[in-house]
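Worksheet: one structure, shown below.
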Amino acid sequence: MKRNRDLAKGYTPEVLEEKWYADWLDKGLFNAQVDKSKPAFSIVIPPPNVTGSLHMGHAFNNTFQDIMCRTRRMQGYSVLWLPGTDHAGIATQNVVEKSLAAQGTNRHELGREAFVEKVWEWKKLYGERIITQMKKLGNSCDWQRERFTLDEGLSRAVRKVFVELYKKDLIYRGKYIINWCSRCHTALSDIEVDYDDKPGKFYYVRYPFEDGTGEIVVATTRPETILGDVAIAVHPRSEQFSTLVGVRVRVPLTDRIIPIIEDNMVDPEFGTGCVKITPAHDPNDFLVGQRHNLPQLQVIDGEGFMNEAAGKYKGMSILEAREEASKDLESQGLLVKVEEMTHSVGHCYRCGTTVEPYLSEQWFVRAKPLAERGVKAVRDGKIHWIPEQWEKTYFQWMENIRDWCISRQLWWGHRIPAWTCADCGHITVSETDPAACEKCGSQNIAQDEDVLDTWFSSALWPFSTMGWPDKTPELDYFYPTSLMVTGFDIIFFWVARMIMTGLEFMDAEPFKDVYIHSLIRDEHGQKMSKSKGNVIDPLDMIEKYGADALRMALAALSTQGRDILLSPGKIETYRFFMNKLWNAARFALMNLDDAPVENVNLFDLSLQDKWILSRVQDTVEQETAQIDAYDVGSAARMLYDFVWGDLCDWYLEMAKPALKGDEGEDRKRATQAVLDEVFKTILPLLHPFIPFVTEELWEAFGYSEETPSIMNAFWPVVKYRFNVYDDMKDLQEAVRILRNLRAEAHVAPQQWVNSAVIRVDKPETVATLQDSLSIVSMLCRVKQIDILPTATPRPGESLSSVFASGEISLSVGDILDIAAEAIRLKQELVTIEKTVAASRARLDKPDFVSRAPQEVVDKERGRVDEGLSQIARLRENLESLGVKL
RNA sequence: GGGCGGAUAGUUCAGCGGCAGAACACCUGCCUUACACGCAGGGGGUCACAGGUUCGAACCCUGUUUCGCCCACCA
């Protein structure tokens, strides 16, 4: 076995990461195989926006998926991690429009075809960029299967789904109030609107009765919509107003006459207790209008300007018209008062422009029947949410779902496959472009100008990417996928809709588990954003610390139910960890021979050998369970502690004498064998988190001769365990106490102390320490350590400390500061007396003894016994120092 | 209005029924031939508050305070 005993002193990620990624691609190790002899594990990646660049959220999300994929691969699954990108309708169109604006032109000047061509150019330019960035992270995606939501295959799936839903009457077209972004110039679905509380004004306006016998006062935040009023509504049981029902009033600023009607939607407690009804510009009013058969009078156009019906206000923007109307009302004496109020205002989730309720012809998905199946699938346990609490969020939304507006007045996207006949008005919906109207045969048909909501195609992602609507071996083998990993912010946009379409078209859930992870924020808990300037760019971090360090940091910081506050400093911590691991490996390699260590006698294994081997087994067992529970945070932290704490701080230090040959050839060989075994096991355990460095070390240790890539290494299983934890605890405690005593006595670190005495009675402890004396001696730099029974008198001129099994004294000669030592011992005495008193108090309660489990009671009794003997020893010590108690 | 999280060391967070933990930061010493991206030692906590359940509560239950998120409403 060829070992690389010449590792560089420092670990340098750049070179090795590039080298190994290229190697993995070369060997096709990420490529998924339909292999029925193996269990399948599949994930479809949440496709990032094609014009976007990789941010920390992606890095975190992808790291999580990669950890799962790499683990499952090693565990013998046939793994598919399917990557791709999303055309991101509005977002992408906006970006390209902005660049056109910078060039002094716009999409209308270009025309639809040329514009779409331009967007494709962008896609080609930037789509590749984010893929390259994902590769830098180390993603083990099957790049041969990379998909894009506007690919031909996926577009075919989109059309098929649209047509089928239309045939099932689950898609319909109609004139409704929708959310309209006048900047993006398109309809938005309800969830594409973000609401914010904003200060506004509440205008109280007089509506005089037609006959001049009185007036009714109505409050509104939007006086410009008065121009579109078609009624005033009051609550049917309102004592104050119900008598007015049927009275006709004059609409201010116009000469129109409208009726007072009654409707339950009015809250008699709010405002003045009556409401002006503007069906064309308010969703609630729209419903009232439908119930009462009222006209829909539009006064604002799609650009956000007042139209012809607005009379003198025509051409004004909404805000100008609001201002102007307010002035006019005041001058006409129709304005009672204006109050300040805060109300929530909707904004476009892509550009932030205030969203207007707008009456227009749109396409909708009838969501309720689809949602019902989605709810059932989760209730039946077909899909598990992790953490489980998100299930509630999902149910709440699905059970109150509203129809989904899917048409967008954009050019970039899947064009709606519907053709309207100019002759008979019939709409032909078809998977293939029709030549003629299916009803009258006229060739005078025109395709709908609109495209579909980008989430319509994302909703099909789990099966459209695997070749649906064709029956493919991939679908058969990898669908339903095993896991979906995403943030809670797109549960409604994406997760819920994938579930609905998956159940409807595949008749099976799209994934068995949904893991919802937290959001990444900056170190102050602020959302990262370009405008705040607090963005931590994953690529910068990779450049500075390496992809492995970034991945390890993200994994280790991840917890459930709390946002992750990230800072470069935290990533640096894990960069240090990489260096630690690297140097531990370097040390091991410096001490290993090329020849494999064979025929090691079990009797040659020391306590620490057995201990570290057992700890490795614990690590195997725990990590396997943690990964199964998707708890990568605990797994990463445990690995960190194992490597740094157990392996480096303890085992490697303890192994040094044996490796130097101080303990003989057999012990040296045994220790080498242990080192070999530890690294051979721990590297695969670390690999899912830090793939690059583990691959490099896999090769350096020579393991690649058997298994060329660590990616193909077998996931370790628990093999054996030695019952040595108690012994090791004694040993570690002895070392810690001696080191502490040295520090107390201000002995210089490099100076050897002549002698120490450990006084213990328990035969096991005596035996353990006796066996490990040379190790203790080396770790604590004490030349001579004697193990004696506790009855032996305490050595003079020494510092001492009591511990569970006895007492340890370090002879320091005349440098002993008696006064300081007395203070220290007294403090120790106080602490122990306190714990003894606490334990006694517990034991004195009869209920404790009778009700607590026996082992807890025994433990408590043990504490008292131990404490008492420690107290006795401490008193003795204090007396011998001449301290009176 | 409905729902969901969080409150533990100076800071960021683990722990979620049996003597309060880590990482940074801080203090003392150390270039001890794997690592100064390091080593050894140390200080630092009424586990937000008030009740309850329990032999026993940071942990379970009920309130309260407080920070944050989501949904609905907002004429």
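The side chain to side chain contact (heavy atoms under 4.5 Å, CB included) check on A/Pro357 picks up A/Ile177, A/Arg222, A/Pro283, with sequence neighbours excluded. Not a single side chain to side chain contact (heavy atoms under 4.5 Å, CB included) links A/Asp641 to another residue, sequence neighbours left out. Applying the side chain to side chain contact (heavy atoms under 4.5 Å, CB included) rule to A/Asp267 yields the partners A/Glu269, A/Phe270; only residues at least two apart in sequence or on another chain are considered. Judged as a side chain to side chain contact (heavy atoms under 4.5 Å, CB included), and not counting sequence neighbours, the contacts of A/Gln626 are A/Gln622, A/Glu623, A/Asp631, A/Ser634, A/Ala635, A/Met638.
The same atom, C1', is picked in B/rC13 and in B/rU8; the two are 9 Å apart, to the nearest Å. Of the C1' atoms belonging to B/rC26 and B/rU11, the separation is 12 Å, rounded to the nearest Å. A distance of about 15 Å separates the C1' atoms of B/rG5 and B/rC16, rounded to the whole Å. Comparing the P positions of B/rU62 and B/rU53 gives an interatomic distance of 15 Å, to the nearest angstrom. Spacing between B/rG18 and B/rA7 at atom C1', rounded to whole Å, works out to 24 Å. Atom name P, nucleotides B/rG6 and B/rG44: the rounded distance is 30 Å, in whole Å. Nucleotides B/rA23 and B/rG43 are separated by 15 Å at their P atoms, to the nearest Å.
The stretch residues 264-276 of chain A touches RNA chain B through A/Val266, A/Asp267, A/Phe270, A/Cys274, A/Val275, each having a heavy atom within less than 4.0 Å of the strand.
A close approach under 4.0 Å does occur between a side-chain nitrogen or oxygen of A/Lys392 and OP1 or OP2 of B/rC4. Contact annotation: A/Lys9 reaches the phosphate of B/rA36 (side-chain N/O to OP1 or OP2, under 4.0 Å). Contact between the side-chain N/O atoms of A/Arg562 and the OP1/OP2 oxygens of B/rC13 is found at a separation under 4.0 Å. Contact annotation: A/Asn740 side-chain N/O to B/rG42 OP1/OP2 distance is under 4.0 Å.
Following rounding to the nearest Å, A/Trp397 (CH2) and B/rC71 (C1') show an atom-to-atom distance of 11 Å. If you measure from atom CD1 of A/Ile516 to atom P of B/rC69, you get 19 Å, rounded to the nearest angstrom. Residue A/Gln750 contributes atom CD, which lies 18 Å from atom P of B/rA36 at whole-angstrom precision. In this entry the distance linking CZ of A/Arg742 with C1' of B/rC39 reads 13 Å, nearest Å.
No salt bridge links A/Arg3 with A/Asp593; every basic N to acidic carboxylate O contact stays at or beyond 4.0 Å. Ion pairing of A/Lys729 with A/Glu733 is absent here, as no side-chain N (NZ or NE/NH1/NH2) approaches a carboxylate O to less than 4.0 Å. Ion pairing between A/Asp847 and A/Arg842 fails under the 4.0 Å rule for side-chain N and carboxylate O.
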For residues 645-653 of chain A, please give each side-chain donor-acceptor pair under 3.5 Å, one per line with the distance, not counting sequence neighbours.
from: A/Asp646; atom 1: OD2; to: A/Arg615; atom 2: NE; distance (Å): 2.7
from: A/Asp646; atom 1: OD2; to: A/Arg615; atom 2: NH2; distance (Å): 2.8
from: A/Tyr651; atom 1: OH; to: A/Asp609; atom 2: OD1; distance (Å): 2.5
from: A/Glu653; atom 1: OE1; to: A/Lys656; atom 2: NZ; distance (Å): 3.2
from: A/Glu653; atom 1: OE2; to: A/Lys656; atom 2: NZ; distance (Å): 3.2

Enumerate donor-acceptor pairs with a distance under 3.5 Å from any side-chain N or O in residues 578-589 of chain A to protein atoms, sequence neighbours excluded.
from: A/Asn579; atom 1: OD1; to: A/Asn583; atom 2: ND2; distance (Å): 3.3
from: A/Trp582; atom 1: NE1; to: A/Ala8; atom 2: O; distance (Å): 2.8
from: A/Asn583; atom 1: OD1; to: A/Arg586; atom 2: NE; distance (Å): 3.2
from: A/Asn583; atom 1: ND2; to: A/Asn579; atom 2: O; distance (Å): 3.0

Going by atom type alone, with no hydrogens or angles, which donor-acceptor pairs under 3.5 Å involve a side-chain atom of residues 832-839 of chain A and a protein atom two or more places apart or on another chain?
from: A/Glu833; atom 1: OE2; to: A/Arg875; atom 2: NH2; distance (Å): 3.3
from: A/Thr835; atom 1: OG1; to: A/Ile832; atom 2: O; distance (Å): 2.9
from: A/Ser839; atom 1: OG; to: A/Thr835; atom 2: O; distance (Å): 3.2
from: A/Ser839; atom 1: OG; to: A/Glu860; atom 2: OE2; distance (Å): 2.7

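With B/rG41, B/rA40, B/rC35 as the candidates, the nucleotide lying closest to the side chain of A/Asp649 is B/rA40. The side chain of A/Ala743 approaches B/rG41 more closely than any other nucleotide in the set B/rG41, B/rC37, B/rA34. Picking from B/rA34, B/rA14, B/rU12 the nucleotide with the shortest atom distance to the side chain of A/Lys570 gives B/rU12. Checking B/rA34, B/rA14, B/rC73 against the side-chain heavy atoms of A/Thr559 singles out B/rA14 as nearest.
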> What one-letter contact string describes nucleotides 15-28 of chain B from 5' to 3', where B marks a base within less than 4.0 Å of any protein heavy atom, S marks contact via sugar-phosphate atoms alone, and - marks no contact?
Replying inline: ---BB---S-----

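Within 3.5 Å, no donor on the side chain of A/Glu653 pairs with an acceptor on the base of B/rA40, nor the reverse.
Applying the salt bridge (charged side-chain N to carboxylate O under 4.0 Å, His left out) rule to pairs touching residues 274-286 of chain A yields A/Asp229-A/Lys276, sequence neighbours excluded. Legend: side chain to side chain donor-acceptor pair (under 3.5 Å) pairs involving residues 517-526 of chain A, not counting sequence neighbours, sorted by first then second residue: A/Arg521-A/Asp563, A/Asp522-A/Asn534.
Base pairing in RNA chain B gives the following stems of 3 or more Watson-Crick or G-U pairs, range against range and under 3.5 Å: B:1-7 with B:65-71, B:10-13 with B:21-24, B:26-30 with B:38-42, B:48-52 with B:60-64.
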